[in-house]
Amino acid sequence: MKQTTLLIMAAGLGSRFGEGIKQLEPVGLHDEIIMDYSIHDAIEAGFDKIIIVIRKDIEKDFRERVGNRVEEVCSKRKVEVILCFQDMHDVPGEVPAERTKPWGTGQAVLTAKEYIREGFCVINADDYYGKEAFREMHDWLVLDHAEHAIAMAGFILKNTLSDHGGVTRGICKVADGHTHIINVIETGNIIKTVDSESGQVGAEADGVKLDMESYVSMNFWGFSAKEGSNPWFLDVLERGFVAFFKDAVPMDPMKAEYLLPTIVGGLLQEGKTTVKVLETTDKWFGVTFKEDKPVVVDSFRKLIQDGVYCEELYADL
């Protein structure tokens, strides 16, 4: 069977809540963080290589807190683990003075380019996607596809909102039958709303109402590769990053980001790819704000009580 790789974008761990990974408290019963559950589900689904992209400045904390445990688990199961470092100065141009914001998910994937020689998928470290999404993605990656094929785990907007502030999602327009994406638009500051009269829950971004049943990208993407060839998407990313620094960075040097949903959306608009929607019934949850954490902890407790996971997370692999 074809080798399949999971790339976890973890460079942002801890950055919202303070310096270092220790600010991201455990959510499981034995110090597991959300990423542990994704790694468990990926191994269970059949992935045999895991690449984790972090910042160099959190390496020591990361290894002590997560990395050593993950390496031990994967070693026992013959799953390769590679740690990469996203460096905001590793760019095809000059970093603007006083810029501290990283360059986004597109650069995170490029960080691992030299280690990927097969079909791969990408996830966020601080999002929980559920077992079904990993099974669906693995099974898609091992199939043969037309050149330049992409897959996306499809989640519904209403299931991905926070009660504590605005979130960013890739809002997707889908074809009839909900099998393929026509377009994806990275949309920021999406907030949950409640109608004062009816009590109906909705969502809006900067005053514009959104369809709560829309598919959204949670940065769970799969990219095909011909056997024996490098994934085509990595070359697209590399060329696009050069253009990004030439065109986008001068226009907004402090905030410009090279984001996967925007890149995929551009390919769709140019007719250069197809994006398959992999439907999942699992509920997404994640930590966008500190206040989200108790809900996430309770959610994992419930999954353990329901027998979805063992108390010792990796014991059933």
Side-chain angles (χ1 to χ4, degrees), residues 5 7-24 35 51-63 65-67 82-116 120 122-127 165-170 184-189 206 217-219 221 223 230-267 269-270 286-289:
T5 291
L7 189 154
I8 303 174
M9 298 180 293
L13 283 180
S15 62
R16 292 193 196 96
F17 312 135
E19 293 290 332
I21 191 131
K22 290 182 179 178
Q23 274 64 38
L24 198 61
M35 189 179 72
I51 301 173
I52 306 172
V53 179
I54 66 170
R55 303 190 315 273
K56 185 66 177 177
D57 62 289
I58 68 168
E59 180 183 9
K60 183 177 182 292
D61 282 346
F62 180 85
R63 289 189 183 277
R65 180 72 186 77
V66 184
I82 299 170
L83 200 61
C84 296
F85 304 103
Q86 184 175 3
D87 181 353
M88 67 171 295
H89 295 280
D90 183 16
V91 295
E94 185 175 343
V95 175
E98 299 183 5
R99 168 88 185 208
T100 59
K101 187 179 180 68
W103 298 108
T105 50
Q107 191 207 14
V109 175
L110 276 177
T111 296
K113 181 182 178 183
E114 66 179 290
Y115 301 106
I116 305 175
F120 71 102
V122 177
I123 65 168
N124 293 332
D126 52 359
D127 289 332
V167 297
T168 297
R169 302 288 182 253
V184 55
I185 300 174
E186 187 80 346
T187 305
N189 196 32
D206 297 326
S217 158
M218 299 305 301
N219 268 334
W221 301 98
F223 302 98
N230 294 342
W232 63 275
F233 186 71
L234 296 177
D235 292 331
V236 170
L237 270 184
E238 196 161 48
R239 292 193 301 270
F241 201 34
V242 173
F244 167 81
F245 251 80
K246 179 182 177 182
D247 301 328
V249 172
M251 293 179 61
D252 194 357
M254 293 298 106
K255 296 182 179 179
E257 287 189 86
Y258 193 51
L259 301 174
L260 289 176
T262 303
I263 297 161
V264 172
L267 291 172
Q269 291 302 296
E270 295 170 8
V287 178
T288 304
F289 304 97

Are [X] and [Y] close enough that some pair of their side-chain heavy atoms sits under 4.5 Å apart?
X	Y	value
M9	I123	no
I8	V53	no
N189	T168	no
L83	R63	yes
E238	V242	no

Of the non-hydrogen atoms in [X] and [Y], which two are nearest, and what is the gap between them?
X	Y	result
V184	S217	CG2-CB, 4.5 Å
M88	K101	CE-O, 3.7 Å
M218	D127	O-OD2, 3.9 Å
L110	L234	CD2-O, 3.9 Å
C84	I51	SG-CG2, 3.8 Å
P96	W103	CD-CH2, 3.8 Å

(request) Check whether more than 12 heavy atoms from other residues, nucleotides or ligands sit under 6.0 Å from atom CD of E59, and answer yes or no. (result)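 More than 12 within 6.0 Å, yes.
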(message) Around atom CD of E270, are there more than 12 heavy atoms from other residues, nucleotides or ligands closer than 6.0 Å?
(response)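 Result for CD/E270: enclosed.
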So does [Y] get a backbone contact from the side chain of [X], meaning a donor-acceptor N/O pair under 3.5 Å?
X	Y	result
R65	G67	no
Y258	I263	no
T187	I185	yes
T111	Q107	yes
Q86	T105	no

(message) With side chain to side chain contact (heavy atoms under 4.5 Å, CB included) as the criterion, how do I52 and I54 come out once you've worked through the C-alpha distance, each side chain's angles and the decisive distance to 0.1 Å?
(response) CA-CA 6 Å; I52 306 172; I54 66 170; 3.9 Å; yes
To the nearest 0.5 Å, tell me how far [X] [atom1] sits from [Y] [atom2].
X	Y	atom1	atom2	value
M251	K246	CE	NZ	14.0 Å
F223	T5	CZ	OG1	13.0 Å
F120	K113	CZ	NZ	10.5 Å

(request) Using the six-membered ring wherever Trp is involved, compare the ring planes of F245 and F241 and label them parallel, tilted or perpendicular (cut-offs 30° and 60°). (result) perpendicular
(request) For the pair W221 and L260, evaluate side chain to side chain contact (heavy atoms under 4.5 Å, CB included) and give the outcome as yes or no after the intermediate values. (result) CA-CA 9 Å; W221 301 98; L260 289 176; 3.9 Å; yes
(request) Report the C-alpha separation of F233 and D235 in whole Å, then their side-chain angles, then the decisive distance to 0.1 Å, and conclude whether the side chain to side chain contact (heavy atoms under 4.5 Å, CB included) test is met. (result) CA-CA 5 Å; F233 186 71; D235 292 331; over 6 Å; no
(message) Quick one, L7 with Y115, criterion side chain to side chain contact (heavy atoms under 4.5 Å, CB included). Give me CA distance, side-chain angles, the key distance, then yes/no.
(response) CA-CA 10 Å; L7 189 154; Y115 301 106; over 6 Å; no
(request) For the pair R55 and D87, find out whether any cationic side-chain nitrogen is under 4.0 Å from an anionic carboxylate oxygen. (result) no
